[in-house]
Amino acid sequence: MNSKEIRVISAVLLLALAIGMIIYRLSVREETPGTESFFGMNTIMTITAYGEFRDEALYSAKLTVSELENMFSVTIPDSDVSKINTADGESVGVDEKLVYITETALEYSALTDGAFDITMYPVSKLWGFDGGENRVPSDEEISEVLKNVGYKKISVDDKAMTISVPRGTGLDYGAIAKGYAEDETVRTLKNLNIESAIINFGGSISMIGSKPSGKPWVIAIKSPEGSGSAGTLALRDCSVVTSGKHERFFTDADGREYCHIMDPNTGRPVESEFDSITVICDSAMMGDALSTAFYVKGWEWALSYRSTHPGIELVGVSGLTVYLTEGIADSFTPAEGFEAVIR
Ligand code: AMP
Ligand code: MG
């Protein structure tokens, strides 16, 4: 071999090594998750994503969530929602996303006989669920405040992009905004070619694809006792959203519990033998609105809704029994001490 041949072979070997290194680095990047955890919308939010552009995707997703929070929050004084709530009946110009989510919320109110209602804010406030002092109000206070409640009081103009509510009525997107933010996060990640990710916004979980190994994600259903699990679901590419009494509640002097989900018919916290109801479907916003509504309406009503609206599976926890619809039953493994019942 002459020296020219040696130089060519060395160059080829170096090039092969460099290409190998790049491929290795990319595959490590594909298999190593990027995780972002932050506080938003009153809860801990965690996003884990795999893929080449995971860091960029996580950064954009976090920005998306904070932008939405600044729009939807009832506690940020200059959010679009706070402006509507303090406009004394005047129309307020808002972001088109708020118009869209409000119209969607109104659709779910109509679909659930008004069980889902974003005008419950004055009632939640009365019971101290706005961050104030929790207390049991009098019947008179409740009926006074209920006069301001009702989704039909909301006026949306989707041409002028304005929303208004009468004086005294207040909007609270707490039962749908997290789901919407999660759907937006999924879209943001997918736009950056993420094919494997899991997003957990405080009880609302969405999955993109499966784990990088091809195995399903494992989602725990909370035990009524709080920290433990009632069982796990092995799932891919869907959203799992739970509403339940133990997310937020207070106990009176007699030990009676009052939860944060309000029945629009009574102006009182829902009393249910179910600790939680979980909706599994392909949109976190839909799951969010429906799980809240189903918690108000009850398990049997949820089953009948499902019979006319395909694409929804349900999990209901009542003490040590976990009720499941047939489409999800095979994915569920009960935790020790819990019994799974297919309904
Ligand atoms: P979620 O955890 O999604 O079920 O949402 C519950 C939150 O939505 C509560 O903390 C309130 O802010 C608000 N909310 C309470 N009752 C209702 C209701 N019936 N419809 C819509 N939002 C409600
Ligand atoms: Mg909800």
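Ligands are counted one by one from 1 in listed order, and the atoms in each one are counted from 1 as well.
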Colleague: Starting from atom 20 (N) of ligand 1, which protein heavy atom do you reach first, and at what distance in Å?
Modeller: Asp117 N, 2.9 Å
Colleague: In ligand 1, which numbered atoms sit nearer than 4.0 Å to a non-hydrogen atom of Ile261?
Modeller: 4 (O), 15 (C), 16 (N)
Colleague: Looking at every non-hydrogen atom in both residues, tell me the closest pair between Met262 and Ser124 and how far apart they are.
Modeller: CG-OG, 4.0 Å
Colleague: Does atom OH of Tyr100 have more than 12 heavy-atom neighbours, drawn from other residues, nucleotides or ligands, at distances under 6.0 Å?
Modeller: no
Colleague: To check your reading of the model: name the closest protein heavy atom to atom 15 (C) of ligand 1, its residue, and the distance in Å.
Modeller: His260 O, 3.4 Å
Colleague: Would you find more than 12 non-hydrogen atoms of other residues, nucleotides or ligands less than 6.0 Å from Glu133 atom CD?
Modeller: no
Colleague: Is any N, O or S atom of Ala175 under 2.8 Å away from the Mg ion (ligand 2)?
Modeller: yes
Colleague: Output yes when the distance from some N or O of ligand 1 to some N or O of Thr242 is under 3.5 Å, and no in every other case.
Modeller: no
Colleague: Within the 4.0 Å heavy-atom shell around Ser243, which atoms of ligand 1 are there?
Modeller: 1 (P), 3 (O), 4 (O)
Colleague: Has Ser243 got an N/O/S atom less than 2.8 Å from the Mg ion (ligand 2)?
Modeller: no
Colleague: Which of the listed options, Arg248, Lys125, Met262, holds the heavy atom that is closest to atom 19 (N) of ligand 1?
Modeller: Met262
Colleague: Heavy-atom contact check, 4.0 Å cutoff: does Phe116 meet ligand 1?
Modeller: yes
Colleague: Purely on distance, is any nitrogen or oxygen of Ser124 under 3.5 Å from one on ligand 1?
Modeller: no
Colleague: Which of the atoms in ligand 1, numbered in the order shown and given with their element, are less than 4.0 Å from a heavy-atom of Asp288?
Modeller: 3 (O)
Colleague: Does a side-chain N-to-carboxylate-O contact under 4.0 Å join Lys245 and Glu273?
Modeller: no
Colleague: Tell me, yes or no, whether the heavy-atom count around Glu247 atom CD, taken from other residues, nucleotides or ligands under 6.0 Å, exceeds 12.
Modeller: yes
Colleague: Is Glu326 salt-bridged to Arg306, going by a charged N under 4.0 Å from an acidic O?
Modeller: yes
Colleague: Considering only heavy atoms, which of Gly114, Ala175, Ala115 lies nearest to atom 18 (C) of ligand 1?
Modeller: Ala115
Colleague: Show the atoms of ligand 1 that are less than 4.0 angstrom away from any heavy atom in Asp172.
Modeller: 11 (C), 12 (O), 13 (C)
Colleague: If you consider just the N/O/S atoms, which atom of Asp288 is the closest one to the Mg ion (ligand 2)?
Modeller: OD1
Colleague: Looking only at distance, does Met120 have an N or O less than 3.5 Å from an N or O of ligand 1?
Modeller: no
Colleague: May I ask you to decide whether Asp263 forms a salt bridge with Arg268, counting only side-chain N to carboxylate O separations under 4.0 Å?
Modeller: no
Colleague: If you count the atoms of ligand 1 from 1 in the order shown, which ones are under 4.0 Å from a heavy atom of Thr292?
Modeller: 1 (P), 3 (O), 4 (O), 5 (O)
Colleague: Could you check whether any side-chain heavy atom of Glu184 comes within less than 4.5 Å of a side-chain heavy atom of Tyr180, counting everything from C-beta outward?
Modeller: yes
Colleague: Quick check on the 6.0 Å ring-centre criterion: do Phe294 and Trp299 meet it?
Modeller: no
Colleague: Does NZ belonging to Lys153 count more than 12 external heavy atoms closer than 6.0 Å?
Modeller: yes
